[in-house]
Amino acid sequence: MAGIPKFAVFASGSGSNFQAIHDAVKAGKLSGQAVLVVTDKPGAFVEERARIAGVETFAISPSTFSSKELYEKEILQKLVELEVEWIVLAGYMRLIGNVLLEAYPSRIINIHPSLLPSFPGKDAIGKAMVHGVKVTGVTVHYVDAGMDTGPILAQQVVEVVAGDREQTEERIHAVEHELYTKTLQQLWSR
Ligand code: GRF
């Protein structure tokens, strides 16, 4: 792909994946430019991370819009203004609707803390622990209209620490931070 792709990170929470991606860009391990952080949760910690990183934030609560369509149109306007080419979801706790899917066909990527199609949706780590699986993992995939259903780009296995959610979660996050940047780099250097 010609040039350095401009991307936006969408996040609802802590933003550790945003941080890892930003750090990888700064370290020269990922050739992309984070031009925007979009959050549906004004005040989320990812905003603070973005401020420190010097990346513009667009905090926009869907509750102030009468429909998902209008909410996404507002976001799209901002993405177009900043010439964003890729959308990187990192803990964005919302399904992407038609407005963004049609504007960014095969250009929206997500990371999920399980080996999809196992444990889609919220609290994938909790569900895996309750199920008693011995291994779980991380999936990076294209986003479609479903819940964590798009074509898979990469997966990595993580061993569950029996009875210890905290340690299992730590392992998963460490893998996420590596796998996301590695996969984006592969995708953007095609
Ligand atoms: C990650 O586990 C990601 O896989 C999931 O949400 C979590 C976000 O964590 N979709 P963070 O906000 O990036 O720290």
Side-chain angles (χ1 to χ4, degrees), residues 7-27 29-30 32 34 36-53 55 57-62 86-97 100-101 104 108-131 133 135-161 164-185 187:
F7 64 94
V9 176
F10 285 32
S12 305
S14 148
S16 70
N17 280 284
F18 160 72
Q19 189 73 58
I21 291 166
H22 175 74
D23 291 348
V25 169
K26 288 282 150 211
K29 292 182 190 158
L30 175 60
L36 187 69
V37 166
V38 175
T39 184
D40 60 325
K41 294 264 185 291
F45 189 59
V46 70
E47 278 195 76
E48 178 66 2
R49 292 188 194 265
R51 192 187 60 73
I52 293 166
V55 177
T57 303
F58 193 50
I60 178 166
S61 174
W86 290 84
I87 296 175
V88 174
L89 307 184
Y92 183 67
M93 304 303 283
R94 209 159 273 287
L95 279 179
I96 298 294
L100 291 175
L101 287 171
Y104 286 87
I108 309 177
I109 312 297
N110 184 42
I111 190 160
H112 185 75
S114 77
L115 294 175
L116 290 171
S118 291
F119 312 123
K122 284 185 186 162
D123 195 24
I125 302 173
K127 287 180 203 156
M129 301 292 296
V130 166
H131 231 86
V133 296
V135 291
T136 181
V138 173
T139 302
V140 178
H141 64 98
Y142 287 107
V143 171
D144 62 13
M147 174 80 81
D148 303 318
T149 49
I152 290 170
L153 280 160
Q155 289 189 305
Q156 194 169 321
V157 169
V158 175
E159 266 188 52
V160 170
V161 184
D164 195 331
R165 186 195 162 118
E166 206 174 308
Q167 270 199 56
T168 304
E169 202 160 337
E170 261 175 42
R171 285 183 177 185
I172 288 177
H173 285 312
V175 168
E176 283 188 329
H177 299 161
E178 291 284 320
L179 189 68
Y180 215 176
T181 53
K182 205 169 90 184
T183 308
L184 291 173
Q185 177 59 17
L187 193 62

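Owing to the predicted nature of the structure, the values given are computational and were not obtained by experimental measurement. Index from 1, following the sequence. All ligand and atom numbering here is 1-based and tracks the order in the structure.
- Using a 4.5 Å heavy-atom cutoff, the side chains of Phe10 and Thr39 are not in contact.
- The pair Arg165-Asp123 meets the salt-bridge criterion, with a side-chain N (NZ, NE, NH1 or NH2) lying under 4.0 Å from an Asp/Glu carboxylate O.
- In this model, a donor atom of one side chain and an acceptor atom of the other lie less than 3.5 Å apart for Gln155 and Thr139.
- Gln156 pairs by the side-chain hydrogen bond (donor to acceptor under 3.5 Å, both in side chains) definition with nothing, not counting sequence neighbours.
- Near ligand 1, heavy-atom contacts under 4.0 Å come from Ser14, Gly15, Ser16, Asn17, Gly91, Ile111, His112, Pro113, His173, Glu176.
- Inspection of the His173 and Ser16 side chains reveals no N or O donor paired with an N or O acceptor under 3.5 Å.
- Between Phe119 and His131, the distance separating the two ring centers is shorter than 6.0 angstrom.
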